[in-house]
Amino acid sequence: MMTDQQLFDYTLMLADSTLIMSQRLSEWNGHGPDLELDIALTNITLDLLGQARFLYQFAATVKNEESGGTLVTEDSLAYLRDAHEYKNVLLAELPNGHWGYTIIKLFLFVHWQQQVYNNIQETKSDALAAIAEKSLKETAYHIRWTDDWIKRLGDGTEESHAKMESALIDLWPYTGELFQPAPFETFTAKARQGIFEEMKRSWQQQIFSVMEEATLSIPRDNTWMQSGGKTGTHTEHLGYILAEMQYLQRVYPGCEW
Amino acid sequence: MVTDGHMVSPAHITLTDIRKLVSEIPDPEIPVITIEELGILRDVCEKEGTFIIVITPTYSGCPAMDMIAVQIRMKMLEAGIPHFRIEHQLSPAWTTEWINEEGKKKLMEFGIAPPQGGTEEDLEAIHPACPQCGSEHTALVSSFGSTGCKALFRCEDCREPFDYFKCH
């Protein structure tokens with residue numbers, strides 16, 4: 001059985017991961033390789049932002065049920081927490097790099113989201129189940145799009161293939177964290193032994209099959225994995241993202257359009 | 001208190017009146033179709049003297065939802081209704097299956113090819129009829145179009161591009 005604090009932390013982890021991924025992707029706005037791709041990525045960015053909003057709104061209602069303390073809102077959660085309070089997975093905050101780099105990041109991320117949303121019933125939260133039910137429809141389209149690009153770039157030219165292989169080696173150490181339960185996720189591990197192993201296997205099955213079709217090398221299983229994002233230990237990149245995202249609210253507290 | 005040319009006394013407003021008022025609100029992006037025809041308006045009910053309008057968001061990030069809430073608020077205030085509440089219902093999730101036939105016809109007339117049915121599809125495998133010339137000799141340009149809910153297609157006969165409302 002989840003405590004309210006675990007529910008709050010877990011929801012924040014999902015919300016933060018989705019928001020930071022959205023914020024990173026939005027850096028492509030106006031810089032896409034062509035107009036259709038710029039619009040495609042912007043649409044995905046907006047979907048993720050919408051999901052983040054629902055998650056923050058729910059996190060706020062969970063927090064506000066505690067008696068005493070100032071009321072929180074989706075905005076105060078997003079704009080007034082510092083890097084060490086953010087619980088996003090590290091994969092979300094990594095730089096965009098070249099187009100292929102961004103595609104791989106998003107590919108790994110949206111397949112992870114699908115696993116999480118498909119297993120949300122472990123939280124026993126109706127609100128999270130409703131958010132997951134809705135988000136899965138969008139994730140399905142995100143997956144189609146990223147899978148397609150993995151194949152086009154992986155099984156593309158010699159140059160695109162080489163760039164994708166190199167990017168995959170860089171990014172792979174950040175995937176371990178996705179299936180390592182943080183302390184606030186142990187409710188799930190207790191509830192159903194091995195669920196994180198199951199999710200990881202299912203995730204690997206899906207992405208490896210796409211990567212094989214893309215003629216990309218499957219990384220070794222014993223690669224050293226980076227972690228810490230879920231518990232507030234981030235790379236230096238998050239500081240810059242938050243500085244830009246939170247600037248206005250920090251300088252003009254309470255400002256509105 | 002005047003609304004639509006009829007004198008309406010707040011004391012005599014019925015649930016039916018409210019339903020009619022709210023169901024006629026057009027979608028901000030596609031003004032030929034109402035929020036009822038799109039399946040965004042889920043329920044209008046009354047509880048202890050407060051009218052409750054239940055809406056459901058289409059896509060998670062849809063910016064029109066904020067606009068729709070504002071328009072509902074304005075309609076209610078114009079009609080002099082003091083006690084009302086707008087509720088957002090996430091489950092059951094909105095689906096294009098809730099767009100009725102009348103709505104689909106209006107989309108087509110407006111120049112947007114309506115969703116073909118189902119809740120997810122392989123966009124590369126379908127050939128929606130061109131809203132301009134009716135030809136089915138159409139091809140996908142991009143899965144993501146001018147808004148999150150639409151994809152971009154091109155007609156190979158009349159050569160015009162058009163939006164397709166994706167199955168959701």
Counting only N and O atoms by type, is there a donor-acceptor contact under 3.5 Å from the side chain of [X] to the main-chain atoms of [Y]?
X	Y	value
A:K134	B:P92	no
A:D47	B:G148	no
A:K137	B:W94	yes

Start with the C-alpha gap between A:Y141 and B:L123, add the side-chain angles, then the distance that decides, and say whether side-chain contact (heavy atoms from CB on, under 4.5 Å) holds. CA-CA 10 Å; A:Y141 279 115; B:L123 294 164; 4.2 Å; yes
Test item: [X] and [Y] side chains (from C-beta on) under 4.5 Å apart, heavy atoms:
X	Y	result
B:S142	A:W145	no
A:D126	B:S91	no
A:F54	B:H88	no

Less than 4.5 Å to any heavy atom of chain A: does that hold for the side chain of [X], its backbone, both, or neither?
X	result
B:E121	both
B:T95	both
B:P57	both

Region of A:L49 that comes under 4.5 Å of a non-hydrogen atom in chain B: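 No part of it gets close to chain B.
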Side chain, backbone, both or neither: which part of A:I131 has an atom under 4.5 Å from a heavy atom of chain B?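 For A:I131, backbone and side chain are both near chain B.
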Mind listing the closest non-hydrogen atom pair of A:E138 and B:T58 along with its distance?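 Taking every non-hydrogen atom into account, OE2-O, 4.5 Å.
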Without hydrogens or angle criteria, can the side chains of B:S60 and A:Q51 be said to hold a donor-acceptor pair below 3.5 Å?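 Looking only at side-chain atoms, A:Q51 and B:S60 do not form any donor-acceptor pair under 3.5 Å.
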